[in-house]
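Quick note: numbers below take in every heavy atom, side chains included, and nothing from hydrogens, waters or symmetry partners. Quantities reported herein were computed from a predicted structural model and do not represent experimental measurements.
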There are 2 protein chains.
Amino acid sequence: SVTDGTTPSDDAKIVQFGGSALPQEKPDKQIVGGKGLGLQIMSGIGVSVPPGFTLTTPVCQEFQDSGDLSDEMWAAVREAVKRIEKDTGKGYGNPENPLLFSCRSGAAVSMPGMMDTVLNIGLNKETVEGLAKATNNKRFAYDAYRRLLDMFGDVVLGISHEAFERRLEMLKMKKGVRDDTDFSADDLEELCEAYYEVYAENDKSFPEDPFEQLKACVKAVFSSWNADRAIKYREINGIASLLGTACNIQTMVFGNRGETSGTGVAFSRDPGTGENKMKGEYLINAQGEDVVAGIRTPEPIARMKEVLPDAYEQFMSNVDILEKHFKDMQDVEFTVEDGKLWMLQCRSGKRTGQAAFKIAADLVEEGLCTPEEALFKVEPDHVKQVLHPTFSSEALESKEYKDNVVAVGLAGGPGAAIGKLAFTTEDAEARQSEGVILVRENTSPEDVGGMWAANGIVTSRGGVTSHAAVVARGWGKPCVCGCEQLEIDEKSKTMTVKRTGETFTEGDTISVNGNTGEIVRVAIETSSPALDGEFGKVLGWADALSDKCKVMANADSGPDATKAAELGAQGVGLCRTEHMFFAPERLPVVRRWILRGEDLDKVQEFQRTDFREIMAAMDGKPVTIRLLDPPLHEFLPRVQQVDDAMAKELGYSSAAALISDIESMHEENPMLGLRGCRLAIVRPEVATMQAEAIINAAADLIEQNPDAKPFPRIMVPLVGSIPEFVTQAIIIKRTAERIKAERNIDVPYEIGTMIEVPRAALISDQLASVVDPEDGQPLCSFFSFGTNDLTQMTMGISRDDSGAFIPTYLENGILEEDPFKTIDAEGVGWLVRHSSVNGRAASPGLSLSVCGEHGGDPQSIEFFDKVGLDYVSCSPFRVPVARLATGQAAVKRDGGECDVKRL
Amino acid sequence: SVTDGTTPSDDAKIVQFGGSALPQEKPDKQIVGGKGLGLQIMSGIGVSVPPGFTLTTPVCQEFQDSGDLSDEMWAAVREAVKRIEKDTGKGYGNPENPLLFSCRSGAAVSMPGMMDTVLNIGLNKETVEGLAKATNNKRFAYDAYRRLLDMFGDVVLGISHEAFERRLEMLKMKKGVRDDTDFSADDLEELCEAYYEVYAENDKSFPEDPFEQLKACVKAVFSSWNADRAIKYREINGIASLLGTACNIQTMVFGNRGETSGTGVAFSRDPGTGENKMKGEYLINAQGEDVVAGIRTPEPIARMKEVLPDAYEQFMSNVDILEKHFKDMQDVEFTVEDGKLWMLQCRSGKRTGQAAFKIAADLVEEGLCTPEEALFKVEPDHVKQVLHPTFSSEALESKEYKDNVVAVGLAGGPGAAIGKLAFTTEDAEARQSEGVILVRENTSPEDVGGMWAANGIVTSRGGVTSHAAVVARGWGKPCVCGCEQLEIDEKSKTMTVKRTGETFTEGDTISVNGNTGEIVRVAIETSSPALDGEFGKVLGWADALSDKCKVMANADSGPDATKAAELGAQGVGLCRTEHMFFAPERLPVVRRWILRGEDLDKVQEFQRTDFREIMAAMDGKPVTIRLLDPPLHEFLPRVQQVDDAMAKELGYSSAAALISDIESMHEENPMLGLRGCRLAIVRPEVATMQAEAIINAAADLIEQNPDAKPFPRIMVPLVGSIPEFVTQAIIIKRTAERIKAERNIDVPYEIGTMIEVPRAALISDQLASVVDPEDGQPLCSFFSFGTNDLTQMTMGISRDDSGAFIPTYLENGILEEDPFKTIDAEGVGWLVRHSSVNGRAASPGLSLSVCGEHGGDPQSIEFFDKVGLDYVSCSPFRVPVARLATGQAAVKRDGGECDVKRL
Ligand SMILES: [Mg+2]
Ligand SMILES: [Mg+2]
């Protein structure tokens with residue numbers, strides 16, 4: 001039952017495409033597979049693909065059942081071949097003008113483990129000569145032949161590829177050549193003879209009959225469906241619903257058949273700038289390999305108009321059809337054979353961030369797609385590229401840049417920066433106005449002041465999840481970390497390139513490429529990000545489309561909050577009250593409070609200042625403040641740092657006494673220790689002090705300006721039980737009401753809880769419904785999922801220690817994603833959904849959000865949107881990515897997705 | 001509506017008891033409260049309680065509504081008083097022979113925060129004289145009077161008790177006396193006058209009218225229902241359904257009214273041995289206080305027969321009635337007033353472990369109760385007492401014991417032991433046959449050999465959850481820990497009593513009392529436990545009654561397993577394969593494997609030996625073996641211990657190299673790090689090696705003896721995802737099948753998973769239903785809940801670090817129980833139930849069990865029984881407690897519970 005048009009029925013055995021094949025209405029991926037579907041679509045919209053046909057999955061099933069292809073079936077294949085012979089004017093097995101085929105497997109989902117590709121099917125001792133004549137290129141013909149012999153032997157007959165390789169190597173030695181390309185036509189003919197010997201050595205023979213070749217290939221494709229690797233892959237990935245694989249037979253075309261042939265590649269728009277102007281190149285009388293090999297220099301695509309005007313016109317029309325159909329900039333490969341254009345491949349083109357935004361905006365402008373569709377033309381990486389200053393592509397290509405790279409480390413934080421070297425936090429802070437790069441062996445929380453002051457950060461130790469890298473990314477600072485090629489000596493204030501001995505000292509200017517990890521010894525000009533124009537337009541669409549899930553930012557200081565607002569955050573979703581405790585002037589005060597119970601008023605004072613700045617920057621928008629969370633020992637000096645002077649500063653008589661107190665606070669598993677609301681229960685002064693600082697800060701703003709609209713939301717961390725939340729919420733509420741009464745200023749505020757301990761998720765209905773016993777009002781206005789801790793506890797994995805096994809897990813397929821990057825929807829996500837449903841059922845107005853790092857991960861955001869969260873919160877520089885992702889998620893949820901890349 | 005008999009209706013206002021009151025059919029606790037119910041019951045079964053009446057909770061409600069007691073109500077009270085006057089022959093307010101009352105609150109559940117008690121109501125300036133005459137004891141009368149003045153002023157009128165105390169102290173100074181008891185009658189009269197001044201100073205007056213006194217007391221009781229503390233208590237404990245409190249008015253009786261009066265206390269059976277023979281004592285012409293004060297020596301109860309034969313007979317009959325009614329040994333207080341017996345109090349009597357078992361067995365024997373009921377006569381502490389050798393009560397009372405106690409530490413592990421001092425593990429092992437006590441500053445896993453060898457353990461540092469105490473309890477070794485009064489010097493091998501300087505050296509004999517924490521400088525004889533007789537009989541009933549939940553043991557070695565079988569374990573529920581890695585000859589081998597990847601065959605060899613011993617000890621019963629679980633760095637030396645010799649032994653060229661490897665394995669949060677099945681995934685040799693050792697060990701036993709029935713169950717720890725379990729299960733299964741085939745021996749075995757990571761609980765349905773892709777058979781035969789880790793992760797609490805906040809949590813009522821002792825039913829328990837239900841739904845034959853420490857906790861066992869677990873597993877010495885608890889749980893579940901203690 002050969003079909004050559006309209007919708008194939010479920011039992012269609014052969015579906016044709018290209019040339020004279022009639023378009024089909026609704027090709028079914030289950031029947032024709034993924035590759036077959038793409039060919040059907042291109043064929044159907046009038047793109048000139050080399051003609052061919054697909055043996056469908058029912059044929060595969062039949063083959064599995066009977067172990068063979070029926071005569072009837074094979075007769076149908078021969079019919080299909082005839083159609084192609086007519087379309088191409090070639091003959092399959094015809095020595096004069098041989099028609100050749102490729103054969104590829106293709107199931108409905110892409111699947112490793114199956115047979116991949118056999119090319120040049122149809123060549124034999126006779127037709128190879130015909131091909132040589134037709135292309136006037138014996139070398140090319142024998143090269144194609146020896147490739148067929150190798151591939152066919154390997155994938156169809158199971159002869160080890162190494163056996164062919166050994167013959168190749170032997171011939172190279174014999175001929176004294178180094179590369180395959182050095183072989184002459186005769187050499188390759190000799191190689192083919194040697195390959196025939198390999199067949200003989202393996203008791204196999206190469207079928208000279210082209211149809212026998214074709215049949216063997218088809219059977220190999222269908223057999224490979226049940227190869228061990230393919231079965232295992234389906235098992236692991238739970239793929240059970242597929243019928244089998246399809247098999248695609250397609251005409252081979254050659255661009256090296258003379259001056260009216262050629263080959264080329266093109267982008268339908270400029271992938272660097274996004275400008276709507278085709279960019280591409282082509283070579284006359286050449287194969288695709290020639291372009292890649294770089295032996296001849298291709299010419300710009302526009303020149304093709306002059307030499308091959310018809311093909312050029314057809315090409316332009318084909319590209320236009322493809323752009324309109326796929327609604328995106330296309331990256332295409334094509335071949336002209338004897339003046340006839342064949343489109344070999346098309347896909348969405350890779351592009352820079354700038355181009356991605358321009359193309360997305362233009363496509364809507366041009367009416368090619370809707371804003372909903374346009375959102376999917378931009379990827380998270382595009383946003384990041386646009387967001388950070390970068391070296392332009394011209395600069396990166398320049399000799400000045402390339403010649404001056406002195407070392408390469410890890411790409412710790414994206415973007416580019418120039419500055420003068422500073423080796424200590426103090427220096428970086430002191431010389432901030434000059435523009436500095438902070439250079440350290442590694443960084444610790446005590447260095448945050450200097451990191452904040454610096455344009456960029458370089459460390460010689462620590463990976464991309466080291467303190468330096470994590471903080472840098474949070475702040476959008478370019479960072480090169482773990483650059484072990486450098487010797488950084490903080491005492492002598494020198495940075496030495498180990499390999500060359502070149503030494504830099506304080507004040508020397510360098511450039512840092514956080515995208516590549518490169519360190520450059522001179523100043524390279526950077527281009528600043530533009531947050532308006534197409535960037536603003538596309539993200540504006542995202543905001544408008546995201547009907548449920550908003551984006552807030554994690555911000556711990558006034559500058560953070562300002563940056564977040566600039567990048568489109570609709571509020572602060574997480575302010576870590578303790579984050580600025582490490583500032584050099586504050587740290588001793590904090591330590592005195594922790595160790596001696598003194599100076600609480602001073603701690604409160606600088607908290608109040610911080611909160612005032614943050615709420616001022618976010619005026620009118622909510623600012624969600626988490627009460628003190630980390631274990632207090634995190635703020636203490638390391639034992640090795642303690643000396644008598646420090647002891648005296650902290651009110652101790654001796655270093656030994658201070659050390660003893662520090663050691664007494666040691667914890668075996670600090671992640672699960674005395675932290676979060678436990679701190680405030682064991683040290684009840686904490687909640688009152690912080691609530692006072694927050695409400696007073698808001699009242700200060702209103703006092704200064706009656707139109708100010710500060711809106712603090714106070715969040716209790718690490719809650720695991722009702723009494724934990726209730727006692728804290730009541731302290732906060734009583735304190736807030738007291739201050740409002742004392743100052744006679746009305747400050748709107750909310751109290752809520754983090755959900756980050758699994759137990760809290762399990763009792764979320766109760767948490768949502770607790771009321772103040774005094775006035776009967778609900779105490780809990782919001783849940784914020786702390787998915788970092790929730791992941792650690794639900795999966796029982798300490799993030800800090802996970803490096804010892806997560807890489808192995810990812811390698812072995814035990815984990816599909818790093819759960820600290822993308823939310824584990826099945827486990828952790830179950831708890832998020834469970835709490836959301838139960839929390840909302842108990843309290844319909846409950847606000848739901850997430851403030852873990854997953855809040856900035858697009859895949860996770862899609863999950864959160866589906867669960868119905870009100871907002872995600874992420875670091876300021878992730879805000880634009882998150883805005884894009886929330887828009888995309890809303891479109892996908894509404895079924896408007898247009899994921900053309902998966903076609 | 002006064003009722004004096006039959007069932008009180010819901011709106012009954014006053015319910016009478018004692019004397020002529022008619023018995024009621026079904027007194028309602030909601031109406032008469034807990035105390036009222038007890039009085040009704042005693043009155044109803046014919047026990048002669050001093051007559052009185054209960055104002056019921058509807059009266060309290062009426063009072064709350066109207067703010068007062070109605071005239072009608074009060075008229076009813078006066079009627080009720082008349083009945084009592086008739087019964088007692090006294091008159092309320094009658095100066096000749098005054099009737100006095102006590103007044104007590106009593107709701108349906110006991111509740112702190114309400115008014116407690118006012119005694120001697122009815123005394124005034126006139127009646128106090130009458131009481132003095134009637135008792136011929138002015139001192140007594142004024143003592144009663146001043147107590148009334150104090151209590152009434154304090155609880156009814158709100159005058160601070162301290163005001164009365166100050167007057168008392170002033171009078172003491174004035175009279176030059178030290179104790180209250182030194183006051184003369186006239187002193188007390190003067191005190192009463194001073195107390196009247198206190199009333200005046202507070203602008204209050206003491207009502208001389210006895211009925212006014214009574215009314216004020218009743219109102220105070222009802223008002224206290226809404227005192228802040230009571231409201232708060234009800235809020236915190238979620239008590240919402242109660243109507244209010246009842247108020248009990250009861251006649252005061254006096255045993256000091258001459259030679260035909262008296263007072264006494266008695267146990268209906270011997271509380272020390274359980275023998276069915278009354279034990280008690282009495283005093284003629286005395287009040288209860290006199291017995292307590294110890295001024296006069298009481299006489300044995302039997303003597304009372306001679307002097308007060310009628311009262312004695314009535315008493316014996318009353319006690320008999322009580323025993324029969326409450327089906328338990330009774331502890332009673334009584335008073336004889338003018339020849340008339342009054343029973344003041346009865347409750348279940350406290351008893352020793354030996355007595356508890358004998359009484360329980362006897363009660364069944366005597367037909368007083370069923371085995372179901374008898375189980376509830378034994379408490380977990382009783383089991384512990386019987387289980388361990390102890391010093392007899394005679395020995396504990398002896399001068400030899402008391403005079404030789406040299407220090408007191410914490411009771412770390414129950415029981416008593418005698419032995420010669422050993423200061424190191426090596427010494428303890430070498431001199432094991434002599435009987436040693438291991439004495440250390442504290443212990444670490446490396447000391448387990450010595451701990452095993454010792455009769456008892458003493459440490460000078462560390463609390464009751466320290467390593468020493470935990471291991472000791474697991475092994476049933478008496479242990480005194482944290483004995484800071486001792487200076488233990490392991491180098492000089494001396495133990496010095498800090499206070500006295502007394503020094504003990506190696507080989508000195510001491511006795512250790514693990515029940516009290518006492519260390520004795522001489523040998524005190526111990527009594528051995530008897531595991532047969534009544535102990536065996538009662539636990540046999542428990543086993544028989546426990547229809548669902550069996551008891552297995554945690555056992556890591558042959559001797560452990562033997563002990564567990566002896567104590568009634570029906571198998572091993574948890575064998576920690578690594579527990580014996582610390583044995584001195586094994587540790588270096590283990591370390592070489594961990595650090596150098598060498599010697600895995602040796603590790604396997606001693607594992608095989610261990611497994612063989614354990615399965616031999618448990619022949620025919622399941623032995624559940626957990627694969628390697630702890631972080632490997634736990635087995636490494638501390639950095640401080642490393643020297644060149646050790647480095648060389650472990651195959652390192654220098655100490656520095658070894659230290660560097662040790663440090664590289666450091667983890668921030670080892671609890672959530674590289675451990676459990678993660679180890680076996682990162683180091684794939686682990687699972688194969690252990691599975692080989694287990695199956696080979698079982699095969700060895702069958703080879704030696706064809707009738708042997710080893711039954712290993714292999715358990716994968718710390719599973720959090722399906723692929724983790726599946727990869728491990730397949731390795732185990734393939735290994736097992738290979739060995740079975742190689743040796744041609746059929747070994748039955750099962751594979752299962754621990755559920756201890758919250759995520760595993762959430763995907764339990766999938767875990768239960770995974771099948772082997774090769775044969776389609778289920779891979780997971782059992783779940784074992786590791787509730788220690790599950791609690792840590794679900795609640796986010798590191799057990800090791802919880803000491804910093806759990807005590808505060810318990811104090812403040814944020815936690816009701818330590819969740820590591822009793823399962824958190826709401827959170828962790830939810831996950832257990834969820835997994836059980838979903839696991840069984842997916843796989844009906846799935847075996848369910850728990851192997852955390854909760855497996856030995858009776859309250860937790862009741863929960864597990866309800867969830868439907870197949871067994872609990874606990875340390876061998878908890879097995880009898882767990883057997884009792886499973887029996888009790890089954891009875892409770894079937895509604896057969898008879899919790900008389902809560903009456
Ligand atoms: Mg957190
Ligand atoms: Mg565990």
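- Neither the backbone nor the side chain of Ser802(A) comes within contact range of chain B, judged by heavy atoms closer than 4.5 Å.
- We find that Glu853(A) and Arg799(A) are joined by a salt bridge, their nearest charged nitrogen and carboxylate oxygen being less than 4.0 Å apart.
- Looking only at heavy-atom pairs under 4.5 Å with chain B, the residue among Asp824(A), Thr794(A), Thr808(A), Val828(A) that has the most is Thr794(A).
- When each of Leu672(A), Leu679(A), Ile797(A) is scored by its heavy-atom pairs under 4.5 Å with chain B, the top score falls to Leu672(A).
- Checked by atom type, the side-chain pair Glu826(B)/Gln766(A) shows a donor-acceptor distance below 3.5 Å.
- Heavy-atom pairs under 4.5 Å with chain B were tallied for Ser721(A), Pro807(A), Gly673(A), Ala760(A); the largest tally goes to Gly673(A).
- Between chain A and the residues Leu831(B), Leu674(B), Asp800(B), Thr727(B), the most heavy-atom pairs under 4.5 angstrom are made by Leu674(B).
- Within the 4.5 angstrom heavy-atom criterion, no atom of Asp789(A) approaches chain B.
- Between Phe725(A) and Cys780(A), some side-chain heavy-atom pair lies under the 4.5 Å cut-off.
- Between Asp629(B) and Arg678(B) there is no salt bridge, since no side-chain nitrogen of the basic residue lies less than 4.0 Å from a carboxylate oxygen of the acidic one.
- Remark: Arg675(A) does not engage Asp801(B) in a salt bridge, criterion side-chain N to carboxylate O under 4.0 Å.
- Contacts with chain B were tallied for Glu667(A), Gln792(A), Met665(A); Glu667(A) has the most, counting heavy-atom pairs under 4.5 Å.
- Heavy-atom pairs under 4.5 Å with chain B peak, among Leu762(A), Val682(A), Leu815(A), at Leu762(A).
- Annotation: cation-pi pair Arg759(A)/Trp830(B) absent, no NZ/CZ under 6.0 Å from the ring centroid and within 45° of its normal.
- Proximity to chain B is limited to the side chain of Ile763(A), based on heavy atoms less than 4.5 angstrom apart.
- Of the listed residues (Asn669(B), Ile681(B), Val726(B), Val757(B)), the greatest number of heavy-atom pairs within a distance under 4.5 Å of chain A belongs to Asn669(B).
- Rounding to the nearest 0.5 Å places CZ of Phe785(A) at 3.5 Å from OG of Ser836(A).
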